[in-house]
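What you see below is based on every heavy atom in this structure, not just the backbone, and it leaves out hydrogens, waters and symmetry mates. Convention: sequence-line order gives letters A, B, ...; per-chain numbering from 1.
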Protein chains: 2
Amino acid sequence: MTATRMTRQRAALLDALRDGGFRSAQGWHERLRADGSTVGLATVYRGLQALSESGEVDTVVTDSGETLYRHCGPGEDEHGHHHHLRCRECGRAVDIDVPGFETIVAELASHHGYRDISHTIELSGVCPECAAAARD
Amino acid sequence: MTATRMTRQRAALLDALRDGGFRSAQGWHERLRADGSTVGLATVYRGLQALSESGEVDTVVTDSGETLYRHCGPGEDEHGHHHHLRCRECGRAVDIDVPGFETIVAELASHHGYRDISHTIELSGVCPECAAAARD
DNA sequence: GTCGTTCTGCGAATGATTATCACTAGGCGT
DNA sequence: ACGCCTAGTGATAATCATTCGCAGAACGAC
């Protein structure tokens with residue numbers, strides 16, 4: 001089996017990840033270095049990728065094409081499909097729930113004969129704090 | 001003012017674009033070459049970018065990070081914000097309308113105090129034809 | 001046809017991500 | 001505690017989509 005070892009780097013990543021908010025892979029890398037950990041960029045990418053596959057981090061892709069990562073449910077919610085409302089400025093995000101959306105999507109899909117539907121909802125805006133800050 | 005000239009390349013792009021379906025920039029480029037036009041890749045990128053800004057093409061970003069382009073409303077529907085159900089296999093897409101979604105989003109946003117909300121909905125699946133073809 | 005601008009094409013540059021590969025270090029068995 | 005085996009690490013090279021820079025070509029108004 002594929003044993004996953006808990007290394008110093010991985011622990012550091014998980015730890016940093018814990019303070020919520022979306023950050024790019026390189027962003028998390030910087031943060032780790034800032035915290036004193038000597039972690040390679042490649043390792044951060046690998047770690048984030050692994051975590052995203054195991055469902056421990058969510059990922060979103062920005063307009064500019066970079067992938068943002070964020071710590072999410074510990075793992076026990078395999079069903080836990082939810083969405084985010086992310087702040088364009090600071091990356092802070094709140095989990096949201098769009099009632100009935102999944103159902104509507106399923107109906108639309110079958111209506112058109114499409115199968116194996118997957119959906120992505122990306123909501124972004126400016127959070128109260130950043131809006132206030134921007135107002136100067 | 002910024003006069004937009006109708007060049008051979010741009011015409012060819014618009015023409016190719018007309019047969020619907022999402023394709024990557026490089027995909028459209030290939031198609032143009034296949035049709036006999038000698039167009040540079042950079043030109044295709046520039047053209048698609050311009051068209052997307054003027055609202056004549058829709059863009060979506062795939063998981064792998066490439067941007068797909070597709071001809072859309074001639075331009076008169078500035079309000080025409082709609083979504084797509086795209087086939088993962090052939091790129092064919094149908095326009096869909098998620099009733100009430102915009103409203104729900106607006107409510108959620110204001111509930112959390114977020115402003116200037118923008119949203120993206122990405123629906124993809126396998127269309128009937130491709131599903132049948134895949135079934136062999 | 002002439003001219004000023006915009007557009008095109010090419011290749012080089014960028015930026016994010018992934019692969020490579022020799023080396024380090026978890027961690028299980030003893 | 002000791003060693004071994006393998007997964008993990010890190011620096012760098014490679015990849016891939018996209019953008020830039022610039023010399024020359026092509027629009028289209030006069």
Side-chain angles (χ1 to χ4, degrees), chain A residues 1-17 22-54 56-70 86 88 91 122, chain B residues 1-17 21-54 56-70 86 88 91 120 122:
Chain A
M1 71 182 80
T2 343
T4 302
R5 295 175 184 169
M6 181 52 60
T7 62
R8 171 177 58 79
Q9 297 77 341
R10 200 174 291 267
L13 176 57
L14 283 169
D15 192 54
L17 234 20
F22 279 100
R23 252 198 184 68
S24 67
Q26 320 213 28
W28 287 115
H29 180 234
E30 276 178 35
R31 192 182 195 308
L32 288 172
R33 307 290 281 217
D35 282 358
S37 300
T38 59
V39 198
L41 179 56
T43 301
V44 174
Y45 272 104
R46 275 184 294 238
L48 288 171
Q49 191 173 343
L51 289 170
S52 103
E53 275 166 18
S54 70
E56 293 184 69
V57 303
D58 283 329
T59 65
V60 305
V61 180
T62 65
D63 311 325
S64 58
E66 43 178 11
T67 307
L68 302 183
Y69 303 82
R70 175 214 189 207
R86 182 172 56 82
R88 261 191 291 279
E122 215 355 64
Chain B
M1 72 188 87
T2 342
T4 302
R5 295 176 182 170
M6 181 51 61
T7 62
R8 171 176 60 76
Q9 296 77 340
R10 200 174 291 267
L13 176 57
L14 282 169
D15 192 55
L17 233 20
F22 279 100
R23 254 198 184 69
S24 67
Q26 319 214 29
W28 288 114
H29 180 235
E30 276 178 36
R31 194 182 193 304
L32 287 173
R33 307 290 282 217
D35 283 357
S37 300
T38 59
V39 199
L41 179 56
T43 302
V44 174
Y45 272 104
R46 278 183 291 236
L48 289 171
Q49 191 174 347
L51 289 169
S52 103
E53 275 167 17
S54 69
E56 293 183 68
V57 302
D58 282 329
T59 65
V60 304
V61 180
T62 65
D63 310 325
S64 59
E66 46 180 9
T67 307
L68 303 182
Y69 302 84
R70 175 210 189 210
R86 181 171 55 82
R88 261 191 290 276
T120 302
E122 221 345 72

Margin query: For the CG atom of B:Leu48 and the NE2 atom of B:His29, what is their distance to the nearest 0.5 Å?
Written below: 11.0 Å
Note to self: Counting the atoms with a prime plus P, OP1 and OP2 as sugar-phosphate, which does A:Thr38 contact under 4.0 Å by heavy atoms, base, sugar-phosphate, or nothing?
What the structure shows: sugar-phosphate
Item checked: Student check: side-chain heavy atoms of B:Glu56 and B:Leu17 closer than 4.5 Å -> no
Checklist line | Phosphate OP1/OP2 of C:dC7: any B:Thr43 side-chain N/O under 4.0 Å | finding: no
Item checked: Length of the CG-C1' vector between B:Leu48 and C:dC7, whole Å -> 15 Å
Dump the pairs, protein N or O against N or O of nucleotides 13-17 of chain D, anything under 3.5 Å, distances to one decimal.
{"residue": "D:dA17", "atom": "O5'", "partner": "B:Gln26", "partner atom": "NE2", "Å": "3.3"}

Margin query: Once side chain to side chain donor-acceptor pair (under 3.5 Å) is applied, do any residues pair with B:Thr62, and if so which ones, sequence neighbours excluded?
Written below: B:Ser64
Margin query: Between A:Gln9 and D:dG8, is there a contact of a side-chain N or O with OP1 or OP2 at under 4.0 Å?
Written below: no
Next item on the list: Please list all pairs passing the salt bridge (charged side-chain N to carboxylate O under 4.0 Å, His left out) test where one or both residues lie in residues 28-46 of chain B, with sequence neighbours left out.
Entry: B:Asp19-B:Arg31, B:Arg31-B:Asp35
Margin query: Using whole Å, what does the distance between atom P of nucleotide C:dA16 and atom CG of A:Leu68 come to?
Written below: 12 Å
Checklist line | Side chain of A:Leu41 - closest among C:dT17, D:dT18, C:dG9 | finding: C:dT17
Margin query: Protein within reach of the bases, or only the backbone? For nucleotides 20-30 of chain C, mark each nucleotide 5' to 3' as B, S or -, using heavy atoms under 4.0 Å.
Written below: B----BBS---
Notebook entry, point to check: Quick one: CZ on B:Arg70 to OG1 on B:Thr59, what's the gap to the nearest 0.5 Å?
Noted result: 12.0 Å
Next item on the list: Can you see which heavy atom on A:Val44 is nearest to which on A:Leu13, and at what distance?
Entry: O-CD2, 4.2 Å
Margin query: Looking at every non-hydrogen atom in both residues, tell me the closest pair between B:Gly47 and B:Arg10 and how far apart they are.
Written below: CA-NH1, 4.5 Å
Check: How close do B:Ala16 and B:Leu32 get, heavy atom to heavy atom, and via which atoms?
Finding: CB-CD2, 3.7 Å
Item checked: Over all atoms of both residues, closest heavy-atom pair of B:Tyr69 and B:Trp28 -> O-NE1, 3.2 Å
Check: Taking everything shown except A:Asp15 itself, do over 12 heavy atoms lie less than 6.0 Å from its CG?
Finding: yes
Note to self: Rounded to whole Å, please give me the gap between CD in A:Gln49 and P in D:dA7.
What the structure shows: 17 Å
Check: Phosphate oxygens OP1/OP2 of D:dA7: is one of them under 4.0 Å from a side-chain N or O of A:Arg10?
Finding: no
Item checked: Terminal helix-axis angle for the helix from C:dG1-D:dC30 to C:dT30-D:dA1, with five pairs defining each axis and rounding to 10 degrees -> 30°
Notebook entry, point to check: Could you give the CG-to-C1' distance, from A:Asp63 to C:dG15, as a whole number of Å?
Noted result: 16 Å
Checklist line | For B:Phe22, all residues meeting ring-ring contact (aromatic ring centres under 6.0 Å, His included), sequence neighbours excluded | finding: B:His84
